[in-house]
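For reference, positions follow the sequence shown, starting with 1.
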Amino acid sequence: MLSDITSLHSSLKQSGTRGIALDIDETLSHTVLYWFSRMQTLFGNPEDLSVEDMIRKYRYSYHVPYWQTPEVDEWIAVQLHSNQVQEELPVIKGATEGVNKINETIPVVAYLTARPDSVQDGTRTWLTMHGFPEVPLITRPPYVVPQQGNTWKAAVLSHIQDHVVGIIDDNPGLVEKLDEAYTGTVFLYDYSDTVNSSAEVISCKNWDAVVDAVISKYSGSGKT
Ligand SMILES: [Mg+2]
């Protein structure tokens, strides 16, 4: 909701805090692992790939050519809005420890996710269950369609960049949507290639690499 973004921004401004935001899906939760294993059973696996190989090959369900059908879209829409599904997602190995370690160097001030507003409850339950910090959760409002998730997220990041100076996120599609004036840093989780961008993008192949990159970038800062 817009009011969530405004209140996050003004409270950071008031306390003079500079911090970073966290994405959730594929950064903290292994959502694709859960989805792909269910989707292989429900919608077929003509290449006979293991779930892990399929993730390696396609990364996201919208890249899997034989899953682009109305039936699949309908199933996805139900999962996206299910609080129960969010609570069942596996946590990514090292994410909890990594986030809490980072929090000692620069405050984690928000979760910024393209998940819809409707799954705030399930998402909060999951974050608490897995030991992540209790900070504001910014979710995608109903007037933004899922396909515009990265565009919306990039716009939010630009809007709050004076106090939210970076994000840990897995999606190179987000980087493409950042405007040229964006001054923050994107720590691109689970990514090894270099990214062509006017923004500072640091590819981090695992959570240990994220922790190292964030600490080396921000040690000694945190307050304005
Ligand atoms: Mg993500």
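- Ile76 is not connected to Val145 by any chain of hydrophobic side-chain contacts under 4.5 Å among Ile, Leu, Val, Met, Phe, Trp and Tyr, and they are in different clusters.
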Practice prompt. Test Trp67 against Tyr58 for ring-ring contact (aromatic ring centres under 6.0 Å, His included), laying out the working first.
Written response: CA-CA 11 Å; Trp67 287 349; Tyr58 294 113; 8.0 Å; no

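- Across all their heavy atoms, Val195 and Ser203 have their closest contact at CG2-OG, 4.2 Å.
- Distance check: Leu174 CG to Asp169 CG gives 5.0 Å after rounding to the nearest 0.5 Å.
- Looking at heavy atoms from C-beta onward, Arg124 lies in side-chain contact with Leu137 at the 4.5 angstrom threshold.
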Fill in: Candidate pair Leu49 and Lys57, rule side-chain contact (heavy atoms from CB on, under 4.5 Å), full reasoning
CA-CA 9 Å; Leu49 295 170; Lys57 183 163 181 185; 4.2 Å; yes

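- In this structure, Glu176 places its CD atom where only 12 or fewer heavy-atom neighbours from other residues, nucleotides or ligands lie under 6.0 Å away.
- Within the structure, salt bridge (Lys or Arg N to Asp or Glu O under 4.0 Å) pairs that include any residue of residues 185-208 comprise Arg59-Asp190, Glu200-Lys217 (at least two apart or interchain).
- At a threshold of 4.5 Å between non-hydrogen side-chain atoms, the residues Ile160 and Ile5 count as touching.
- Proximity of Asp162 to His9: side-chain heavy atoms (C-beta onward) are separated by under 4.5 Å at one or more points.
- Side-chain atoms of Gln84 never come within 3.5 Å of backbone atoms of Gln79 as a donor-acceptor pair (strictly under, hydrogens ignored).
- Across every non-hydrogen atom of Ala199 and Ser197, the tightest pair is N-OG, 3.0 Å.
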Worksheet entry | From CA spacing to verdict: side-chain contact (heavy atoms from CB on, under 4.5 Å), Thr113, Thr27 | CA-CA 10 Å; Thr113 173; Thr27 298; over 6 Å; no

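- Minimum heavy-atom separation, Asn150 to Gly173: ND2-C, 3.6 Å.
- Checked options Ile168, Val201, Thr194, Asp170; the residue passing with Leu188 is Val201 (criterion: side chain to side chain contact (heavy atoms under 4.5 Å, CB included)).
- Once rounded to the nearest 0.5 Å, the distance linking CG of Leu112 with CD1 of Ile138 reads 7.0 Å.
- Of all the heavy atoms in Trp207 and Ala95, the pair that sits closest is NE1-CB, 3.6 Å.
- The side chain to side chain contact (heavy atoms under 4.5 Å, CB included) test with Val186 singles out one residue from Leu178, Asp23, Ile202, and that residue is Leu178.
- Using a 4.5 Å heavy-atom threshold, the side chains of Val85 and Val78 count as separate.
- The two residues Leu8 and Pro136 make their nearest non-hydrogen contact at CD1-CG, 4.0 Å.
- Atom-to-atom distance recorded for Met129:CE and Glu87:CD is 5.0 Å, nearest 0.5 angstrom.
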Practice prompt. Might you work through the side-chain contact (heavy atoms from CB on, under 4.5 Å) test for Tyr189 and Ile92, ending with a clear yes or no?
Written response: CA-CA 11 Å; Tyr189 168 71; Ile92 288 177; 3.3 Å; yes

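- Side chain of Asn103 to main chain of Val108: a donor-acceptor pair is present (N/O by atom type, distance under 3.5 Å, no hydrogens or angles).
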Worksheet item: Between Ser198 and Glu180, is a side chain to side chain donor-acceptor pair (under 3.5 Å) present by the stated rule, with each step listed?
Response: CA-CA 6 Å; Ser198 53; Glu180 284 190 7; 5.3 Å; no

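- Side-chain contact between Val119 and Trp126: absent, with no pair of heavy atoms (C-beta onward) separated by less than 4.5 Å.
- Counting heavy atoms from C-beta outward, Met39 and Val72 have side chains that approach closer than 4.5 Å.
- Considering CG of Leu157 and NZ of Lys177, their distance stands at 14.0 Å, rounded to 0.5 Å.
- The aromatic rings of Phe132 and Tyr111 sit perpendicular to each other, their planes meeting at more than 60°, with 30° as the lower class boundary.
- Gln161 places a side-chain N or O within donor-acceptor distance of the main-chain N or O of Thr183, the cut-off being under 3.5 Å.
- Using a 4.5 Å cut-off on side-chain heavy atoms (C-beta onward), His130 and Val99 make no contact.
- Between Arg18 atom CZ and Lys13 atom NZ the span is 14.5 Å, to the nearest 0.5 Å.
- Within the 4.5 Å cutoff, the side chain of Thr125 has no heavy atoms near those of the Gln86 side chain.
- Separation of atoms CD1 (Ile102) and CD1 (Ile20) is listed at 5.0 Å; rounding is to 0.5 Å.
- Shortest non-hydrogen contact noted between Trp152 and Ala114 is CZ3-CA, 4.1 Å.
- Tyr60 and Tyr62 have parallel rings, their planes meeting at less than 30° on a 0 to 90° scale where 60° marks the start of perpendicular.
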Discussion item. One pair to check against side-chain contact (heavy atoms from CB on, under 4.5 Å): Thr123 and Ile24. What are the steps and the verdict?
Written reply: CA-CA 9 Å; Thr123 300; Ile24 299 176; 3.6 Å; yes

Only pairs under 3.5 Å count here: list side-chain donor-acceptor contacts from residues 30-37, not counting sequence neighbours, and write none if there are none.
residue : atom : partner : partner atom : Å
Thr31   : OG1  : Asp25   : OD1          : 2.5
Thr31   : OG1  : Ser29   : OG           : 2.7
Tyr34   : OH   : Arg38   : NH1          : 3.2
Tyr34   : OH   : Glu88   : OE1          : 2.8
Ser37   : OG   : Leu33   : O            : 3.0
Ser37   : OG   : Tyr34   : O            : 3.1

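- For residues 90-99, no residue pair satisfies the side chain to side chain donor-acceptor pair (under 3.5 Å) rule, not counting sequence neighbours.
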